[in-house]
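Everything on this sheet refers to the single structure shown next.
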Number of protein chains: 2
Amino acid sequence: MKSEKVTRAAPARRRQWYEDACAAAHALDLLGERWALLVMRELMFGPRRFNELRARLPGLSANVLTQRLDGLEAAGVLVRRRLPPPASAQVYELTAWGLESEPIFQALGRWAARSPAHDPSLPFSAASLLLSLRTMLDAERAAGLEARIGLLLDGESYLARLSHGTIAIEPGPVEGVQLILDGAPRSIAAVLYGGQSLAALEQDGALRLSGDRALAERLVTLFPLPPKAEV
Amino acid sequence: MKSEKVTRAAPARRRQWYEDACAAAHALDLLGERWALLVMRELMFGPRRFNELRARLPGLSANVLTQRLDGLEAAGVLVRRRLPPPASAQVYELTAWGLESEPIFQALGRWAARSPAHDPSLPFSAASLLLSLRTMLDAERAAGLEARIGLLLDGESYLARLSHGTIAIEPGPVEGVQLILDGAPRSIAAVLYGGQSLAALEQDGALRLSGDRALAERLVTLFPLPPKAEV
DNA sequence: CTGTATCCGTGTTGATACTG
DNA sequence: CAGTATCAACACGGATACAG
């Protein structure tokens with residue numbers, strides 16, 4: 001009959017779960033579906049709207065994004081929020097617990113960076129780059145460095161503060177910085193991880209650099225990649 | 001022409017990949033398929049045969065297990081190996097790089113242990129329990145403790161050595177130990193994580209304990225669970 | 001006995017088009 | 001802009017049949 005949409009029957013649980021008490025298996029129940037972790041990744045540096053997520057995740061279709069957002073909201077990983085009236089748009093934002101998933105990305109990233117099959121020439125989102133900076137910073141090499149660096153990625157600005165061998169990154173205006181890097185995330189990655197020279201990418205116009213060039217030259221030494229695994 | 005099945009154009013890759021340069025996304029390309037990580041989990045404490053894996057992963061069907069083993073082998077995460085003649089069985093064994101995935105389990109487990117939806121009363125494999133011990137040991141509380149403990153889980157024996165706030169676990173005979181715990185992984189988990197008393201489980205027959213009982217009482221204080229997340 | 005392959009019913013995933 | 005509807009393709013899981 002027509003009456004209501006019985007979209008989902010009784011039992012609430014929409015998927016076959018692993019039925020396993022292991023906490024890691026439970027994590028996979030919550031965010032092991034395809035695209036779920038990448039949606040979370042795109043929310044790690046602040047709330048995003050539906051179409052911002054779509055734009056940053058090419059290949060993810062609208063209906064699947066809807067399903068993932070529903071599932072992650074039900075899991076308590078993110079919340080929908082409506083921005084105050086002038087904007088009045090709906091955004092998706094990680095909960096405090098959702099934000100605590102960062103070590104998962106770090107573990108995955110550190111491990112896969114050693115994969116022989118890893119291809120760094122693919123599309124690269126700003127969130128990926130920023131997460132990789134936090135993951136790959138070599139605390140020893142950065143130990144003595146105090147610096148404020150501005151990053152302009154995909155038209156948004158972020159502020160990175162290096163201090164005592166740690167790096168803090170947040171979205172925001174690039175004020176009071178010693179150095180500004182402006183370019184596509186993959187260009188910055190090419191310099192930090194791919195061994196490309198700053199000068200070459202500036203020549204290309206792929207990267208714009210202003211401020212303390214010596215700091216930039218030091219910066220590119222602070223994110224060593226692990227060696228590839230033997231297989 | 002008709003000759004072969006043009007199922008998919010050129011590229012050989014059997015699945016849609018994320019097409020994302022982010023290393024974490026690449027990790028998900030390699031081991032993000034359903035069951036893949038759980039198969040790896042079951043191999044973390046030594047090689048296993050096909051049917052051992054099946055027995056430890058109820059719900060995973062034979063054909064899917066074959067596919068996952070193929071995929072993980074292609075990724076360089078595990079290798080097939082044939083045991084020397086008397087046994088002459090084929091086993092699956094993690095490569096050195098595959099073993100390095102442990103931090104992924106730890107990050108997933110630590111995070112999901114805070115999930116409000118986590119249900120520790122489900123089936124629990126020996127590998128899950130052993131991994132959780134390495135994940136959850138509180139280094140400070142264990143700092144002064146030197147101990148050798150035998151674990152008999154699902155008919156196999158493991159040796160755990162506590163020293164300087166760390167725990168090493170390997171399969172092997174329980175020789176020269178101060179304490180032996182013999183019971184289903186979930187019974188041990190009930191004691192370590194569920195706050196159940198040793199005495200009660202012994203009474204049930206769910207757990208057999210021999211050796212230094214004071215050590216056992218101390219042991220159960222060394223693996224504190226994080227608080228549940230607010231959502 | 002161990003491991004793999006094939007068939008099939010079902011549910012999940014994904015692309016396109018469409019609606020508030 | 002933010003999703004929903006529809007439908008095709010595929011992945012999963014169970015059973016069973018096959019190979020060493």
Side-chain angles (χ1 to χ4, degrees), chain A residues 2 4-20 28-29 31-39 42 47-73 78 80-83 85-93, chain B residues 5-9 13-20 28-29 31-39 42 47-74 78-93:
Chain A
K2 58 300 101 131
E4 83 273 66
K5 30 204 9 212
V6 232
T7 43
R8 105 186 10 174
R13 262 74 178 286
R14 332 148 310 167
R15 196 208 193 195
Q16 301 135 141
W17 302 67
Y18 282 119
E19 299 289 340
D20 190 310
L28 297 172
D29 284 336
L31 40 77
E33 286 178 307
R34 196 161 155 75
W35 293 106
L37 276 165
L38 299 200
V39 171
E42 293 304 320
R48 293 283 180 201
R49 325 185 15 176
F50 191 90
N51 279 5
E52 289 180 307
L53 292 172
R54 284 204 72 182
R56 284 161 178 76
L57 295 168
L60 171 58
S61 59
N63 57 356
V64 174
L65 178 53
T66 300
Q67 290 170 220
R68 291 301 164 273
L69 291 170
D70 287 348
L72 292 172
E73 184 180 27
L78 58 79
R80 307 167 125 76
R81 197 158 54 81
R82 189 158 286 282
L83 293 180
S88 184
Q90 185 163 239
V91 293
Y92 299 87
E93 181 172 31
Chain B
K5 29 204 12 212
V6 235
T7 43
R8 101 183 14 174
R13 261 76 175 283
R14 338 146 304 168
R15 197 210 191 194
Q16 300 134 144
W17 302 66
Y18 282 119
E19 299 288 339
D20 190 311
L28 297 172
D29 285 335
L31 39 78
E33 285 177 307
R34 193 162 156 75
W35 294 107
L37 276 165
L38 300 200
V39 170
E42 293 304 321
R48 291 284 180 201
R49 316 177 171 196
F50 191 89
N51 280 4
E52 289 180 307
L53 292 171
R54 284 203 73 183
R56 284 160 178 75
L57 296 169
L60 171 58
S61 59
N63 55 0
V64 174
L65 178 54
T66 299
Q67 288 170 219
R68 289 302 165 273
L69 291 170
D70 288 347
L72 292 171
E73 184 180 27
L78 59 79
V79 292
R80 306 165 126 74
R81 197 157 56 81
R82 188 157 288 281
L83 292 181
S88 183
Q90 185 164 236
V91 293
Y92 301 87
E93 181 172 32

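All chains are named by letter (A, B, ...) in the order of the sequence lines, taking the proteins before the strands, and each is independently numbered beginning at 1. Fair warning: this is a prediction, and the values are worked out from it, not measured in the lab. The basis for the numbers below is simple: all heavy atoms, side chains too, and nothing from hydrogens, waters or symmetry mates.
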Practice task
Take atom CD of A/Glu33 and atom P of C/dT13, then tell me their distance rounded to the nearest Å.
Solution key: 5 Å
Exercise for the section: Would you confirm whether B/Arg68, through its side chain, and B/Arg34, through its main-chain N or O, come within 3.5 Å as a donor-acceptor pair? Expected result: yes
Exercise for the section: Nearest whole angstrom, please: distance from the P of C/dG3 to the CZ of B/Arg48. Expected result: 13 Å
Problem - Short side-chain N/O contact from B/Arg49 to OP1 or OP2 of C/dG3, under 4.0 Å - result: no
Problem - Presence of A/Arg68 side-chain N/O under 4.0 Å of D/dG3 phosphate oxygens OP1/OP2 - result: no
Exercise for the section: State which residues pass side-chain hydrogen bond (donor to acceptor under 3.5 Å, both in side chains) with B/Glu73; sequence neighbours excluded, sorted by chain then number. Expected result: B/Arg80
Exercise for the section: Return no unless some side-chain N or O of A/Tyr92 is found under 4.0 Å from OP1 or OP2 of D/dG3. Expected result: yes
Exercise for the section: Could you check how far CD of B/Gln67 sits from C1' of C/dT4, rounded to whole Å? Expected result: 11 Å
Practice task
With the side chain counted from C-beta on, respond yes when B/Leu72 and B/Val39 share a heavy-atom pair under 4.5 Å apart, and no when they do not.
Solution key: yes
Protein and nucleotides 14-20 of chain D: nitrogen or oxygen contacts under 3.5 angstrom:
from: D/dG14; atom 1: O6; to: B/Asn63; atom 2: ND2; distance (Å): 2.6

Handout entry: Distance in angstrom units between A/Tyr18 OH and C/dT12 P, rounded
Key = 14 Å
Exercise for the section: Can you sort out the partners of A/Glu52 under salt bridge (charged side-chain N to carboxylate O under 4.0 Å, His left out), two or more places apart, ordered by chain and number? Expected result: A/Arg48
Exercise for the section: Using atom CH2 of A/Trp17 as one end and atom P of D/dG13 as the other, report the distance to the nearest whole Å. Expected result: 15 Å
Fill in the blank from the handout: Between CG of A/Leu57 and P of D/dA2 the distance, given in whole Å, is 15 Å
Exercise for the section: Please check the phosphate of C/dT4 (OP1 and OP2 only) for any side-chain N or O of B/Gln90 closer than 4.0 Å. Expected result: yes
Exercise for the section: Name all residues meeting the side-chain hydrogen bond (donor to acceptor under 3.5 Å, both in side chains) criterion together with A/Asn51; count only those two or more places apart in sequence or in a different chain, and write none if there are none. Expected result: none
Practice task
Return no unless some side-chain N or O of A/Trp35 is found under 4.0 Å from OP1 or OP2 of C/dG14.
Solution key: yes
Handout entry: Pairs flagged by salt bridge (Lys or Arg N to Asp or Glu O under 4.0 Å) wherever residues 53-64 of chain A is involved - sequence neighbours left out
Key = A/Arg56-A/Glu156
Practice task
May I ask you to evaluate whether A/Arg34 reaches the phosphate of C/dG14, defined as a side-chain N or O under 4.0 Å from OP1 or OP2?
Solution key: yes
Problem - d(CG, A/Leu65; P, D/dC1) in whole Å - result: 14 Å
Practice task
For B/Thr66, enumerate each residue passing the side-chain hydrogen bond (donor to acceptor under 3.5 Å, both in side chains) test, keeping only those at least two apart in sequence or located in another chain.
Solution key: none
Handout entry: Distance, rounded to the nearest Å, where A/Leu69 contributes CG and D/dT4 contributes P
Key = 10 Å
